[in-house]
S.K.: 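One structure coming up, written as structure tokens, with questions to follow.
Throughout, protein chains are lettered first and strands after them, A, B, ... in sequence-line order, and every chain is numbered starting at 1.
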Number of protein chains: 2
Amino acid sequence: MPIRASTEARLLDAADELFFSRGIAATPVDAVLARAGVSAATLYRGYPSKEALVAAVLERRHRVWLEEWDRAIAAQESHEGRLLAVFDALDTFRARPIGSRWCAFLGAAAEYADAPAEIARAVRQDTDTMRARLAGLAAAVDARRADELADQLLLVVTGDLAMRLRSPGHTTATARSVAAALLAR
Amino acid sequence: MPIRASTEARLLDAADELFFSRGIAATPVDAVLARAGVSAATLYRGYPSKEALVAAVLERRHRVWLEEWDRAIAAQESHEGRLLAVFDALDTFRARPIGSRWCAFLGAAAEYADAPAEIARAVRQDTDTMRARLAGLAAAVDARRADELADQLLLVVTGDLAMRLRSPGHTTATARSVAAALLAR
DNA sequence: GTCTATATGCGGATAGAC
DNA sequence: GTCTATCCGCATATAGAC
């Protein structure tokens, strides 16, 4: 028998919030269960392990992030605006009620030296999708250096995310200024 | 009675290698002791806790990093070269026998949602020193935007470090090209 | 679906003998 | 300085009653 939809949503919400704000290893399964009001039996009927739950939350987060990014792109009317929309998406994504301390995917990658296959796959998918999307948007701005621009912007976005570890109050302002310099070349 | 110097060096080397390549939480104290050939009693006579050992290793690493950076700066003959020397230092630092998977300081910050005071201090010191040094070097290149350049370059360096989590074979090439765009403005 | 209890293993830290 | 044993707490995962 599958887990009831509302129960599963509570479980994923709790896991999302706790894993990525306090850390995966630092969050006992019990804490997730308590926050979700779900019993251990229910969790382990739906997921074979804690790691499977982590992977499931990462996949849901990835879908939500892409939707947010799509909205930010759609709101722009120039090729350049659409390429830079990733920073708008970062701002709105960060303002969501279910937050994370810096980046769920980089955080997961950082916590596991040898990540379980399902988690490694989720992280890889995030990176691959980011790079591919940026390259597609960059091609409309300057086709000759689309891949180069994508790699550069991915580094800038990643830097912006990781800067949150250094300065809690970090904003996307610096990343935006670096991106502007890249486009001005 | 203090720990003998050679014993302490073995302990710090083992901790350095394991904590920052496999992860702090993922590395049991026993693994460090086994690698160093040191007994638990000796460790706990020199350090009150595992966290104190982590902080000690971070501090040593910080000193070594600054020396490496100094050498890279000294090898340059232009203001611009000295500002960009941070990337040369990153390359040589990465090639050392005792490596880390991405960045020891960011890794420590990522692992602790509420870092012990000693560890938080080490991470903060790394960030503060980086920013201050970059600002000093940037002032010689363009005094009017020294602070802005420092913030931008710190983000680029941080992005380069975090990109290692996404792509294991990552090099400083992309970061260098972004830095070049920043200086070309 | 929940609750409580529990099997099982591991990690940090300490104590005593040598 | 090392070795061995051990206390203690915690975390994942499971089982049984309701």
Side-chain angles (χ1 to χ4, degrees), chain A residues 1-58 107-108 110-119, chain B residues 1-58 107-108 110-119:
Chain A
M1 204 190 297
I3 302 180
R4 192 195 303 164
S6 67
T7 303
E8 175 141 39
R10 285 208 314 281
L11 193 56
L12 292 176
D13 283 348
D16 203 324
E17 178 79 42
L18 294 177
F19 284 157
F20 306 133
S21 61
R22 298 196 197 170
I24 299 168
T27 302
V29 175
D30 284 8
V32 176
L33 297 175
R35 189 185 183 91
V38 168
S39 75
T42 303
L43 162 62
Y44 285 106
R45 199 157 46 71
Y47 301 92
S49 66
K50 176 182 180 179
E51 282 145 16
L53 178 62
V54 172
V57 181
L58 283 175
E111 288 210 47
Y112 296 96
D114 295 293
E118 17 184 3
I119 295 180
Chain B
M1 209 190 295
I3 303 180
R4 191 195 305 163
S6 68
T7 303
E8 175 142 39
R10 285 207 316 280
L11 193 57
L12 292 175
D13 284 347
D16 204 323
E17 177 80 43
L18 293 177
F19 284 157
F20 307 134
S21 61
R22 299 195 195 169
I24 299 169
T27 302
V29 176
D30 283 9
V32 176
L33 297 176
R35 188 185 185 92
V38 167
S39 74
T42 303
L43 162 61
Y44 286 107
R45 201 157 45 71
Y47 302 93
S49 66
K50 177 183 181 179
E51 282 144 14
L53 178 61
V54 172
V57 181
L58 283 175
E111 288 210 48
Y112 296 95
D114 295 294
E118 16 183 4
I119 295 180

S.K.: Between B:Leu43 (CG) and C:dA13 (P), how many Å, whole number?
M.R.: 8 Å

S.K.: Please report the distance, rounded to the nearest Å, between CG in B:Leu33 and P in D:dT4.
M.R.: 14 Å

S.K.: Could you pull out all residues at least two apart from A:Ala36 that satisfy side chain to side chain contact (heavy atoms under 4.5 Å, CB included)?
M.R.: A:Arg10, A:Leu11, A:Ala14, A:Val38

S.K.: Any donor-acceptor pair under 3.5 Å linking the side chain of B:Glu111 with the backbone of B:Ala25?
M.R.: yes

S.K.: Nearest 0.5 angstrom please: A:Thr7 OG1 to A:Leu43 CG, how far?
M.R.: 12.0 Å

S.K.: How does each nucleotide of nucleotides 9-18 of chain D score, in 5' to 3' order, for protein heavy atoms under 4.0 Å: base (B), sugar-phosphate only (S), or none (-)?
M.R.: --SSBB----

S.K.: Without swapping roles, check the side chain of B:Glu51 against the backbone of B:Pro116 for a donor-acceptor pair under 3.5 Å.
M.R.: no

S.K.: To the nearest Å, give me how far apart CZ (A:Arg45) and C1' (C:dT2) are.
M.R.: 11 Å

S.K.: Nearest 0.5 angstrom please: B:Asp114 CG to B:Ile119 CD1, how far?
M.R.: 12.0 Å

S.K.: Return the value, rounded to whole Å, for the distance between atom CZ of A:Arg4 and atom P of C:dT2.
M.R.: 8 Å

S.K.: With sequence neighbours left out, what residues match B:Glu8 under side chain to side chain contact (heavy atoms under 4.5 Å, CB included)?
M.R.: B:Ile3, B:Leu12, B:Tyr47

